[in-house]
2 protein chains.
Amino acid sequence: MTTSIKDVARLAGVSVATVSRVLGNGPVSPELRARVEAAIAGSGYRPNLSARRLRSQSSRTVGLIVSDICNPFFTAVSREVEDVAYREGMRVILCNTDENPDKEAMYLRLMQEERVSGVIFAATRETAARLDVSALGFPVVMIDRAGPASACDAVLLDNAAAAAQLVEHLLAQGYRSIGGLFGNTSSTGAERHAGFVAALSQAGLPVEARFVAPSAAAAEREVANWLRQPDAPRALIASNGLLLLGAVKAVRGAGVVVPEQLALAGFDNDSWTELTEPGMTVVEQPVAEIGQAAMGMLLERLRQPERPVRKVVLAGRLVPRGSSRRAGSA
Amino acid sequence: MTTSIKDVARLAGVSVATVSRVLGNGPVSPELRARVEAAIAGSGYRPNLSARRLRSQSSRTVGLIVSDICNPFFTAVSREVEDVAYREGMRVILCNTDENPDKEAMYLRLMQEERVSGVIFAATRETAARLDVSALGFPVVMIDRAGPASACDAVLLDNAAAAAQLVEHLLAQGYRSIGGLFGNTSSTGAERHAGFVAALSQAGLPVEARFVAPSAAAAEREVANWLRQPDAPRALIASNGLLLLGAVKAVRGAGVVVPEQLALAGFDNDSWTELTEPGMTVVEQPVAEIGQAAMGMLLERLRQPERPVRKVVLAGRLVPRGSSRRAGSA
DNA sequence: CTGAAAGCGCTTACAG
DNA sequence: CTGAAAGCGCTTACAG
């Protein structure tokens, strides 16, 4: 049907081995190389990657497993990962797990069947805790969420420090009653909660934290309820972009004025956060660096399987905006 | 290294053919099936998809080629495509072209090397015009942008009607001086421009349109310039979500009040559009339906290669918000 | 530098 | 229902 390396060899009057060497930039005389290249161009030949992968026992494929590509954080990271991968002549297989451990297990099995070179993985806390990386057969770089203690490479935000930074910012702006909203499936949510608790405790303030499913809808419901209570906080920190979005919607729905009645702050400098009135105070994650660092660590691990496990911890950047303006000031 | 079908066969005391039949749900006696399944479970065997693809001459892979996954329209479409694909036991290869015809050509070649079952493609106008789909060797479903006239299946928005709908909405709100900002690389921009021109002409109004590169930054620059001119329009339509975002930033930067000094409207009901103050009037594209329809058409084409070419044209939905409130009203 | 041959891990007629 | 055998399209030692 489609032309194979055999057809090209016949056309050029050489062996298939020589055609293969031309394709792989092996040692071939200029004369034969020219004949083979002419035959390739003339026949419209395209190498079959499945055959090449099978024979060379190298898929040159990386799996990227995230909860949902529609989360702008993962969108941006994936774009970066794909760019680096294609530049290295590798392919990316993207998987959305919706924070569902069953889907995670299914996709990990798929990765084994694809014989991927490696995987970049934002795992749920459940999977991260139970996963035996060494049994997988390929290296894993965790992103966003920590993996099982020091069992594999990871690129992480300094979540506790970033959450503490938000608390300190709100304290400096004069807020004392600060609530926190955290995702209940990821270690990220847990770490940000820890930083939140530590900063408040150090200031001698009580801790009000709630955990929800990591979706805007769940956050909106939770915050709507929260605001109805007499002891509702005067400031609120949301532990990621989706939760912050839900919080904003709840606040709008309740007719609460930001920041006069409730200050808001959160994670992820998504494009919408600077367009609300007032703009949202956030900790920006270095998304491009995270994607690049993850692919970089994976490539180094492939080159050097026995190198020691590394965690790269990146700092967030506070972007103060109107949503956390000083209480009582214009 | 890794266990193969041969190891499983030896373990179960059957031939490799029988193992293959168990894997493929072929006819096997209950007894042998049980022995094979035990051997698979015991050995941790995982089928090698490259080998299966090579031998069966079927990749069960679809290519998804878009300009940039970071554009929320394509993010949402891709999520839908992937969900349908995985449900059908197929895999998706995602490619970002940045509206660059060279990258488009490179990725199409890659798709041939992957022996993909088919491709879903949002092509630049340049590539759409010159592309010989029949020479590719796999079926193509165009999305968002029209392909070469009736040469292949397509899922499209009724762009002209949607643009006209926006114009008519602004007219009904009392606006007479209406400018349009369009992307200069896609047929989508051209079609929306055509609908824009038609609606204004029918109303006997002059046409003010500008074309820019399809990025928020380019739109911001263009609108900033435009607003400085004495004959700047009183209302502005932006032809996609990125351009609308750029327009909003320019408007903010210039201190122009929406809608009192300038009404805004555009395409794509991205999450930020309802969070600005005022909210943005937009035509919402049925992103989920577009993704599903594209995968659906591709699957039908694969089942039935000779079926007549079809174009599915979906209607947009007007979402009126404050950015186009009646001129002079509260 | 070049070619003949083996083999990667599967599936699929073909016999039985 | 089952197995022996061929072959998908490549790459890679091995000789020369």
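- Whole-Å rounding puts the B:Q112 CD to D:dG9 C1' distance at 16 Å.
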Problem - Verdict with supporting geometry, B:S215 and B:L242, side chain to side chain contact (heavy atoms under 4.5 Å, CB included) - result: CA-CA 6 Å; B:S215 77; B:L242 292 177; 5.6 Å; no

Considering only distance and modelled atom types, tabulate donor-acceptor pairs under 3.5 Å from the side chains of residues 81-89 of chain B, sequence neighbours left out.
unit_1 : atom_1 : unit_2 : atom_2 : d
B:D83  : OD1    : B:R79  : NH1    : 2.6
B:D83  : OD2    : B:R79  : NH1    : 2.8
B:Y86  : OH     : A:L94  : O      : 3.0

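- Here A:K311 does not pair with A:D153 in a salt bridge; the nearest charged N to carboxylate O distance is not below 4.0 Å.
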Practice task
Start with the C-alpha distance between B:T185 and B:E99, add both sets of side-chain angles, then the distance that settles side chain to side chain donor-acceptor pair (under 3.5 Å), and finish with yes or no.
Solution key: CA-CA 7 Å; B:T185 55; B:E99 312 266 0; 2.9 Å; yes

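- A distance-only check finds a donor-acceptor pair linking the side chain of A:R53 to the backbone of A:S59 [under 3.5 Å].
- Each salt bridge (Lys or Arg N to Asp or Glu O under 4.0 Å) pair with one or both residues in residues 117-140 of chain B, not counting sequence neighbours, appears once here: B:E126-B:R130.
- Distance CD (A:Q57) to C1' (D:dG9): 14 Å, rounded to an integer number of Å.
- Distance CZ (B:R55) to C1' (C:dG9): 11 Å, rounded to an integer number of Å.
- Counting any heavy atom pair closer than 4.0 Å across all strands shown, B:L23 reaches no nucleic acid atom.
- Of the N and O atoms on the side chains of A:E114 and A:T61, not one donor lies less than 3.5 Å from an acceptor on the other residue.
- Contacts with DNA chain C (heavy atom under 4.0 Å) in residues 13-22 of chain A: A:V14, A:S15, A:A17, A:T18, A:R21, listed by number.
- Near DNA chain D, meaning a heavy atom under 4.0 Å away, the residues from residues 34-48 of chain A are A:Y45, A:R46, A:P47, A:N48.
- C:dC10 atom P lies 17 Å from atom CG of B:N25, rounded to whole Å.
- Where B:S56 and A:V28 each meet DNA chain C at their nearest nucleotide, the meeting point lying more 5' is that of A:V28.
- Put simply, the side chain of B:F74 does not reach to within 4.5 Å of the side chain of B:D68, judged on heavy atoms.
- Minimum atom distance to the side chain of A:A51 is reached by D:dG9, of the listed D:dT2, D:dG9, C:dC1.
- Counting only heavy atoms from C-beta outward, the side chains of A:I40 and A:L23 approach each other to under 4.5 Å.
- Distance A:L49 CG to D:dC8 P: 18 Å, rounded to the nearest Å.
- When only modelled atom types and interatomic distance are considered, B:E104 and B:T127 share a side-chain donor-acceptor pair under 3.5 Å.
- The backbone N or O of A:A39 sits less than 3.5 Å from a side-chain atom of A:S43, completing a donor-acceptor pair.
- As rounded to whole Å, 18 Å separates atom P of C:dG9 from atom CZ of A:R52.
- A:R10 has its CZ atom 13 Å from the C1' atom of D:dG9, to the nearest Å.
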For residues 287-300 of chain B, dump all side-chain donor-acceptor pairs below 3.5 Å to protein atoms at least two apart in sequence or in another chain.
unit_1 : atom_1 : unit_2 : atom_2 : d
B:Q292 : NE2    : B:E80  : OE2    : 2.9
B:E300 : OE1    : B:R307 : NH2    : 2.6

Fill in the blank from the handout: Secondary structure of DNA chain C per the Watson-Crick/G-U criterion (both distances under 3.5 Å; [ ] crossing, | other strand, . unpaired) is |||.||||||||.|||

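- If you take CZ of A:R53 and P of D:dC10, they are 13 Å apart, rounded to a whole angstrom.
- Two residues, B:R33 and A:L54, neighbour DNA chain D, and the one matched to the more 5' nucleotide by heavy-atom proximity is B:R33.
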